[in-house]
Amino acid sequence: MSATAPIPPTPRWSIGTAERLISLWNQGLSAIEASRAMGFSLRAVESKVRKLRAAGHYLAHRRATSGNGEAAVMRRCLHCQGKFPSQHIGNRICPACLDDGPFASGLA
């Protein structure tokens, strides 16, 4: 990606506040943890993260956890019926089927 755009200050988000959000986010804090630490609503933090990413600033991408804190959940492949660790609910085809099965050609 090209050079990042400067962080434009807004009435509630000064340049320093936005930089603090970037720092907290890249340290691994969740959106809710960052919102509590900074005194902003969850929605405001999520919106600012999206805007900062759109402007080219690096903010680590996170995958949703399965509710019990694990990053992956065992799901059944819709093609071969085998179980595999899935990172999100929309991931329903196992890596083996994606690499070697009918999905590899991109025609499916």
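Keep in mind that this is a model prediction, so the values were computed, not measured.
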Requested in this report: Dump the intermediate steps for side chain to side chain contact (heavy atoms under 4.5 Å, CB included) on Lys48 and Leu21, then the final yes or no.
Outcome: CA-CA 9 Å; Lys48 193 62 172 182; Leu21 173 61; 3.8 Å; yes

Report task. Is it possible for you to say whether Leu24 and Leu59 belong to one hydrophobic cluster, with membership spreading through side-chain heavy-atom contacts below 4.5 Å? Result -> yes

Requested in this report: Give a yes or no on whether Met38 and Ile32 share a hydrophobic cluster (residues Ile, Leu, Val, Met, Phe, Trp, Tyr; joining criterion: side-chain heavy atoms under 4.5 Å apart).
Outcome: no

Requested in this report: Without swapping roles, check the side chain of Arg76 against the backbone of Gly82 for a donor-acceptor pair under 3.5 Å.
Outcome: no

Report task. Indicate the atoms forming the closest heavy-atom contact of Gly28 with Glu33, along with that distance. Result -> O-OE1, 4.3 Å

Query raised in the report: If you take all heavy atoms of Ile93 and Asn91, which pair is closest and at what distance?
Result: O-OD1, 3.5 Å

Query - Note, Trp25 side chain near Leu52 side chain (heavy atom, < 4.5 Å) - result: no

Requested in this report: Would you please test Arg53 and Tyr58 for side chain to side chain contact (heavy atoms under 4.5 Å, CB included) and show each step?
Outcome: CA-CA 6 Å; Arg53 281 189 181 134; Tyr58 175 75; over 6 Å; no

**Report entry** Within-4.5 Å side-chain heavy-atom neighbours: Lys83 and Cys77
**Finding:** no

Query raised in the report: Are any non-hydrogen side-chain atoms of Lys51 and Trp13 less than 4.5 angstrom apart?
Result: no

Query raised in the report: Has the side chain of Ser86 got a donor or acceptor atom that lies under 3.5 Å from a matching backbone atom of Met74?
Result: no

Query raised in the report: Looking only at heavy atoms, which two atoms of Cys97 and His79 are closest? And how far apart?
Result: SG-CD2, 3.4 Å

Query raised in the report: Would you call Ser35 and Ser41 a side-chain contact if the rule is heavy atoms closer than 4.5 Å?
Result: no

Report summary line: Heavy-atom nearest pair, Arg92 first then Phe84, reads C-CZ, 3.8 Å

Query - Distance-only polar pair, side chains of Ser23 and Glu19, donor-acceptor under 3.5 Å - result: no

**Report entry** For the student: nearest non-hydrogen atoms of Arg12 and Gly39, plus distance
**Finding:** NH2-O, 4.3 Å

